[in-house]
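Single-structure report; data block below.
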Amino acid sequence: MSLLTTVAFLLSVSEVISQCPPSSGIYLMHNGDCYPNGSYFYDDDIRPERLICTLPSATLTGGEWVTPDGSSINCCTDPLRCDVVSAPNATISLYIPTGQDISSSDDGWYKCCLPTSCSDPSTNIIFANIFSNTKHALHAGWGQIEDTTVDLPLDVTTLPQTYTLHAIKIGHQNQLNTDHADWFYESSGTSTKLCKGYNDEYSCSIGNGMKVNYGNGRYDHTLTITWNGENIASGILYNNRDFVYRFYLEVGHVTRYRYITVKVPATAPSSLTVVNKTATTITVSWTALDSSDADGYVVSLTDSDTVQTVQVEGSSNNAVTLNGLRGGTTYSITVRAYQQLLGPASSAISVFIQCQEEGINLRYNGICYSNESYFWDNSVNEATKNVSCVLPGTSLTTGQWVRVADPDDPVDCNSNSASDPFRCTSVTSPDATLNLYLAQGLADQEGWYKCCLPTDCSDPGSNIIFANIFRYSEIVSFTVADLPSDMTVYPQEYKLNCVKIGFYLYGISMSIDSIALANYTNCDDRFNNYCSGTVLVRSTNTRRYTVAITWDGMTVSNGSISQLTTGDQMYHCVLDNPSGADRTRTLTIKVPATAPSSLTEVNKTATTITVSWTALNSSDADGYVVNVTNDTDTVQTVQVEGSSNNTITLNGLREQTTYSITVKAYQQLLGPASSAISVQTSVISSINWVLVSSITQLNNIQYRFDCITTTTNMINPLTDVYWLVNGVMKSNSIYTSIDVLTYNNTLLVYPDLLEVLVNITCIAMTGGFNYSQSVILHAPSGPPNNVRGFILNATSIKVNWTTSSETNGYVIEYTTGGVTRNLVSTSEDEIVLTDLSPMSTYTISVYSYIDLPSVNSTVTVLRFDVPSKVTSLSLSNVSTTGITVNWTIPSNDNYVTYYNISYAPSCPQLSSVNETVSVDPHQSTTTYSYTLIGLYSGMNYTITVRAGNVLGASNSSVISSKTSLSIPVGAPSSLHVNPNTNRIMWNEINCSQLTGRFVEYNVLIENIYLNELVFGAVYNISVAAVNSVGRGPFSDPIVVEIGANNICDTSNEGGAAIGLAITVALLMILLAISLVVHVYCFIRLMYPTIVQTRTTKSTAKDENKINEDITMKECESYCLHEIKVIVINSVEAGHFLLLKMAHLKVTALAWAPNNSKLAVCTVDRIVLLFDGHGEKRDKVSTKPANPDLGKKCYQVTGLVFSPDSTKIVVGQSDNIIFVYKIGEQWGNKKVICNKIILQSAVTTLIWPVQQPTFIFGLADGKVKLGNVKGSKSQTIYSSESYVVSLTSSPSGQGILCDHADGTIVRYTFDNDSELSKGPVCKHSCSPYALSWSLTSIVAAGCDRRIMVYNHSGFISGVVLLILPSASACPSGQGILCDHADGTIVRYTFDNDSELSKVLVIYVE
């Protein structure tokens, strides 16, 4: 029994759980209310209303109830029986059959174990105490001790300490059955009775006690004890151990007892020692006690009065610093340990402290005084009795004393007069000091003075302190003490303290309005018996006068003196000096002037009343106190903190009882009471509801409502109780008797799904009154939004949604074929549906619910299969290297997560390509587009599109297209001279490089003079293919020497002798080819059909042919290899530049914005990276737009760094821009992070500072914006002239663009720019190098000159150079120039816009 009692004491008892049923964990339920572990129940409570033990979401597998003696309850035998529910919530309901009783052996603690038996260590356990409350013929009803508690003092720092013990007795209401209800003090095996209870009587011999009736047989037996640190009042001595109390209860010859211990330290801390001290602080330490012997400590410090007590929390914390002390004073210090109460005090130590050693301070007679201290004129009237103003560690310069009332007339330290009676002496160092004293009598000059050190008061950096020097007597302070913290205690008591200093003869009074509360006359501090003031400092006649005030809400009183008052209380302290120089201080205590209005009953049950009122403004109230009385007895008083909190529920009331309720506001004190309202509690104790069926039943959900009625009058539940369901009356046909006065009335309801709420009202009629109580079931305002399904695998779908309204969970209904209907629920915003049937279409509906499901659901349809094929396949944006494919996505019920796009070229040498793009399965559009890039020009492609998901791909949708034509991208290979036939031969380009309908081959013979071959001369010969668009690139040349006997390919090591015959033969071959060409062209012109159907391969049967199978473009005629002799003469400037460019070493360069990287691209298409010292540190290999066209089919035409210098943008002649990520450090991995496909070749690139995008020019004359994060570009403006170069302003808000026709155009991004947009000037030639500095525009072109323009376009300087390429410095203060000899030079501007030259690097 003792073990069970201990368990019950540690747990909370008999409190109703607010959330019922709880969301998780084992719990007890009775009569619709949920109870925590360790709750108490009368035997009548569970006869026959079940005590339900439930473990949510568990299946019963052997759970049980166990009796107090440890045996399992047999659910089928008396006196206790039980019902069992296995699922979905494991439940065992315990009850006593009607007509049965429990014996004394059945009384006690029962435990419920779920879902397994109590022998399982992992089972869930909860306790309940069941005891008899029934009066029988042979014995009276029993009682039980529900709880024992102690109310400990809130402040552990003060002695004496008062605490109150409580013993709550529950059970039979007839107190005449109580034989004993006694408190005992237990000490060393001896019990001392402190209080005695018998029948309805209760009294205490030691301490104070009372018995409080809470109703329904529940009584609180209290005992209040006072502890002074050494013994309990009334003679019980402290025996160096914890206080142990025992409450003994005997009801109906059944005894019970409960112990409660109040922890008190047995010993005092030892070794109290001073650790450190200053002029205002003392630090002490002591030997700490064990954590089992102390929770903390209280340090007390006193001089003639108690100065302070300090609480130190934690048993291991054994040091504290005491602050705010006064120098020149001796203090006594002790320390006590505390637990629940204070223990004994340590031995006291005495500590003397000097005046403070830093900061400005006041000193008198060796004692330090704080700012705003008072000094009597008689105490400072000699040079040796002065008030010293000291600033330690500082030398005096021009410090001064100044009268505050006359700040412009400081004290003259060297003379005195009637208007300035003071003099002062000074000490310059080591501590700046001004000693002030009266040299003659003080008259009207009394009052506040300030001292300024070390400089005078006009210096804002001087240190200032104040002192009050007065005649006669002065009031130091007028304050209120001991204002009530508990506003529920009435009347309220507090103290007024008025402190006087100065002359020993005076009178003093305190009053409110004109009514004196205390009045002392002819006071003489030399004799203590004249007036009742408390001496604080005898040397200065400092005394404190105290008036105890009682406030009852209407009247202020002190003993027999009283005064009616409303609102704030204004008190006055008046000091009467014999000379007539009286002093007055005023003190105001905040009190609400008005009571809260509109006190109204909000709700009531059999034991509770809820009321509300109109709140006051925060300036008029800090909170409220609600008072409840029954007849003349105060039942309870409740404090409500906060001016805006205006509602409270009053608990623990009795049914069918009339209560008077008032409310008061409070600030520092309570204000007036409101008008009282009278409220009678109901006969309805509670109305609760439970969900009988699962929430997933939707339109078949059943709810059970239980209405508990309790009345002293007989009530017929069949006729006197009825229900209203949304205003429609329902009879009370289901009810059970809990006892003779209490019924559980039950209603089963199937709510209509079309209703958003159900209002259930229980009405009981008795004594001519109708009592009602309602409960409302709510449904969400709407269903969830954005319901979407996701196929996870062949049997599972995930469904998720969003909701914008309050909800407790969701119900998901899913059907297929309109036949199979499944319902599940969840509290999350998604769910996974499993065991689904593949190749089915599911209709998924999602409802939300609070108490009721939402009226409507949100529906989505999902095809649980591979997607349908895409439709409306079409093509757009067909270019030489790209095609955009468009299609209509499958219908909304299809689930598509990717598209597979394959495209097969018609050229047999090329393979088909497959690309897969992932997509959001819930797209908001109905069409989709995908662009194929890197295609071959003039090529037929068969394009296939399939939609797919995790289950597979759809059937194919197919379409064909042909890319736009372009000049051939490949050159003939294996160019050589056949020594047997003296013929020039080569391998044809394959169809992937032809990029159009084949027309002819062009043969280039370099250095021919006047279109004739010269004997003994050496020629470079190369071949290019020509299609319907134009000529492609020439092959690598071979060197041929014309000799006497044959043509020698000097690229072969065994070249033969040169002969005239071979020379003639070569000329004849050329002549023959020329004739063939003209005849062939004539035939094609006149008879195109014959030519197309009769094609021959002129080199197919040639002897010693290197490649017998020369593949031509599919669907094109295999025509003659027509030869044109093209003569390139050095005098033709355009061709000369073409050849000259072939020898250049640099094609593009760029300077990083961080000035630490230089990028240089050479003719081998490799970007070299140099550091700021010109040393090569890294490189980046570029790539063509279409690798199948060869690695040499393009040139790098532009470079630019990103603003953070971690990326480099590369523009190329094959209509593409690549963005490479190169990182911050040398050697970082290089990756392509973006590319932009264009319709024309890139000619130049820049990236202005402060701009998020780079800018580039195209061969077609367009200037565009590019973004490193996207594949799109935007046109800034267009022209008809090739874009040669770009540069930006130093601010990045503008660009200059020059074109092949020499025009330099300015474009600004800032609309507020003073510079105009449009053409600036026209350069003498095409300016392929351009820079925009802070003061000038620099341009350079083919005329080998650098021209310097001002911003208006006028020439301001010229420099002669040879410049293949150039780049502007990021700062705008210079230009990088690439010379034809491979050197890269930096030209910088001086202050006069002149260029100075600095060698940077030489490219090998």
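Here the structure is a predicted model, which is why all the values come from computation and not from measurement. What you see below is based on every heavy atom in this structure, not just the backbone, and it leaves out hydrogens, waters and symmetry mates.
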**Residues Q144 and Y42: side-chain donor-acceptor under 3.5 angstrom** = no
**Message:** A side-chain contact here means heavy atoms from C-beta on lying under 4.5 Å apart; do V787 and V859 qualify?
**Reply:** no
**Item:** Contact check, side chains of I831 and K798, non-hydrogen atoms, under 4.5 Å
**Value:** no
**Asked** Does the side chain of T711 come under 3.5 Å of the side chain of Q656 through a donor N or O and an acceptor N or O?
**Response** yes
**Request:** Go through the steps to decide whether T607 and T681 satisfy the test side-chain contact (heavy atoms from CB on, under 4.5 Å), and finish with yes or no.
**Result:** CA-CA 7 Å; T607 59; T681 51; over 6 Å; no
**Complete:** Interatomic distance, CG@L862 vs OG1@T816, rounded to 0.5 Å, equals 10.5 Å
**Atom of L599, atom of S674 and distance for their closest heavy-atom approach** = CD2-OG, 3.7 Å
**Item:** Donor on one side chain, acceptor on other, N822 and E813, under 3.5 Å
**Value:** no
**Donor on one side chain, acceptor on other, T807 and T803, under 3.5 Å** = no
**Request:** To the nearest 0.5 Å, tell me how far T59 OG1 sits from L114 CG.
**Result:** 11.5 Å
**Fill in**
In I734, L748, L777, T761, the residue satisfying side chain to side chain contact (heavy atoms under 4.5 Å, CB included) with F705 is L777
**Request:** Evaluate the side-chain contact (heavy atoms from CB on, under 4.5 Å) criterion for residues L836 and I797: first the C-alpha distance (whole Å), next the side-chain angles of each, then the deciding distance (0.1 Å), finally the verdict.
**Result:** CA-CA 8 Å; L836 304 181; I797 293 174; 3.4 Å; yes
**Request:** Output yes when a side-chain donor or acceptor of H922 lies under 3.5 Å from a complementary backbone atom of Y895, and no otherwise.
**Result:** no
**Residues V690, N688; criterion side-chain contact (heavy atoms from CB on, under 4.5 Å); working and verdict** = CA-CA 7 Å; V690 294; N688 300 289; over 6 Å; no
**Message:** Would you say S694 and T696 are linked by a side-chain donor-acceptor pair, where the criterion is simply a distance under 3.5 Å?
**Reply:** yes
**Item:** Given C75, S119, S72, the one that forms side chain to side chain contact (heavy atoms under 4.5 Å, CB included) with E64
**Value:** S72
**Fill in**
For S848 and P783, the nearest pair of non-hydrogen atoms, with its separation, is OG-CA, 3.9 Å
**Complete:** When every non-hydrogen atom of R218 is compared with those of N213, the smallest separation belongs to O-OD1, 3.7 Å
**Item:** Gap separating the CD1 atom of I96 from the CD1 atom of I46, nearest 0.5 angstrom
**Value:** 4.0 Å
**Item:** Candidate pair R788 and T860, rule side-chain contact (heavy atoms from CB on, under 4.5 Å), full reasoning
**Value:** CA-CA 7 Å; R788 302 188 304 176; T860 186; 6.0 Å; no
**Asked** How far apart are the C-alpha atoms of R704 and D706, what are their side-chain angles, what is the distance that settles it, and do they pass the salt bridge (Lys or Arg N to Asp or Glu O under 4.0 Å) test?
**Response** CA-CA 7 Å; R704 171 178 167 169; D706 292 309; 3.0 Å; yes
**Pairwise side-chain contact, I812 with T826, heavy-atom cut-off 4.5 Å (strictly under)** = yes
**Message:** Determine whether Y624 and Q639 satisfy the following criterion, side chain to side chain donor-acceptor pair (under 3.5 Å), listing intermediate values before the conclusion.
**Reply:** CA-CA 6 Å; Y624 305 92; Q639 181 173 342; over 6 Å; no
**Heavy-atom pair with the smallest gap, counting every atom of R50 and S93** = CG-CB, 3.4 Å
**Message:** Keeping H30 on the side-chain end and D45 on the backbone end, is there a donor-acceptor pair under 3.5 Å?
**Reply:** yes
**Request:** Tell me yes or no: between the side chains of S612 and T647, is some donor less than 3.5 Å from an acceptor?
**Result:** no
**Request:** Please work out whether the ring planes of F41 and Y35 are parallel, tilted or perpendicular, with thresholds of 30° and 60°.
**Result:** perpendicular
**Message:** Could you check whether N785 and T802, counting side-chain N and O atoms only, form a donor-acceptor pair closer than 3.5 Å?
**Reply:** no
**Item:** Under 3.5 Å donor-acceptor, T91 side chain and N89 backbone
**Value:** yes
**Request:** Answer yes or no: is there a side-chain heavy-atom contact under 4.5 Å between C53 and I26?
**Result:** yes
**Prompt:** Could you state the interatomic distance from CD1 (I73) to CZ (R81), rounded to the nearest 0.5 Å?
**Reply:** 12.5 Å
**Message:** I'd like to know if the side chain of Y722 reaches the main chain of P717, judged simply by a donor and an acceptor atom lying under 3.5 Å from each other, with no hydrogens or angles considered.
**Reply:** no
**Request:** Scan F131, Y40, W65 and name whichever one has a ring-ring contact (aromatic ring centres under 6.0 Å, His included) with W109.
**Result:** Y40
**Asked** Hey, does the side chain of S854 reach the backbone of Y847 with a donor-acceptor pair shorter than 3.5 angstrom?
**Response** no
**Item:** Separation between CD of E49 and OH of Y743, rounded to the nearest 0.5 Å
**Value:** 13.5 Å
**Request:** Could you tell me whether the side chain of V811 reaches within less than 4.5 Å of the side chain of P853, counting heavy atoms only?
**Result:** no
**Request:** Check whether any side-chain N or O of S796 sits under 3.5 Å from a backbone N or O of N793 as a donor-acceptor pair, and report yes or no.
**Result:** no
**Prompt:** For E146 and K169, what are the C-alpha separation, side-chain angles and deciding distance, and is it a salt bridge (Lys or Arg N to Asp or Glu O under 4.0 Å)?
**Reply:** CA-CA 6 Å; E146 183 186 52; K169 173 263 176 187; over 6 Å; no
**Message:** Would the distance check show the side chain of N726 and the main-chain N or O of N759 forming a donor-acceptor pair, the cut-off being under 3.5 Å?
**Reply:** yes
**Asked** Would you call the rings of F864 and Y842 parallel, tilted or perpendicular, where under 30° means parallel and over 60° means perpendicular?
**Response** perpendicular
**Asked** Sub-3.5 Å donor-acceptor pair from the side chain of T123 to the main-chain atoms of T116, do we have one?
**Response** yes
**Request:** Check whether the side chains of T742 and T710 place a donor and an acceptor atom closer than 3.5 Å, and report yes or no.
**Result:** yes
**Message:** Are S685 and T605 packed together at the side-chain level, in the sense that at least one heavy-atom pair is separated by less than 4.5 angstrom?
**Reply:** no
**Prompt:** Ignoring hydrogens and geometry, is there a side-chain-to-backbone donor-acceptor pair from N651 to T608 under 3.5 Å?
**Reply:** no
**Request:** Examine distances only and state if a side-chain atom of T858 and a backbone atom of P784 form a donor-acceptor pair shorter than 3.5 Å.
**Result:** yes
**Request:** Any chance you could lay out the side chain to side chain donor-acceptor pair (under 3.5 Å) test for S122 and D120, step after step, and finish with the verdict?
**Result:** CA-CA 5 Å; S122 63; D120 181 0; 2.9 Å; yes
**Request:** Please say which of N732, N745, T766 ends up in a side-chain hydrogen bond (donor to acceptor under 3.5 Å, both in side chains) with T709.
**Result:** N745
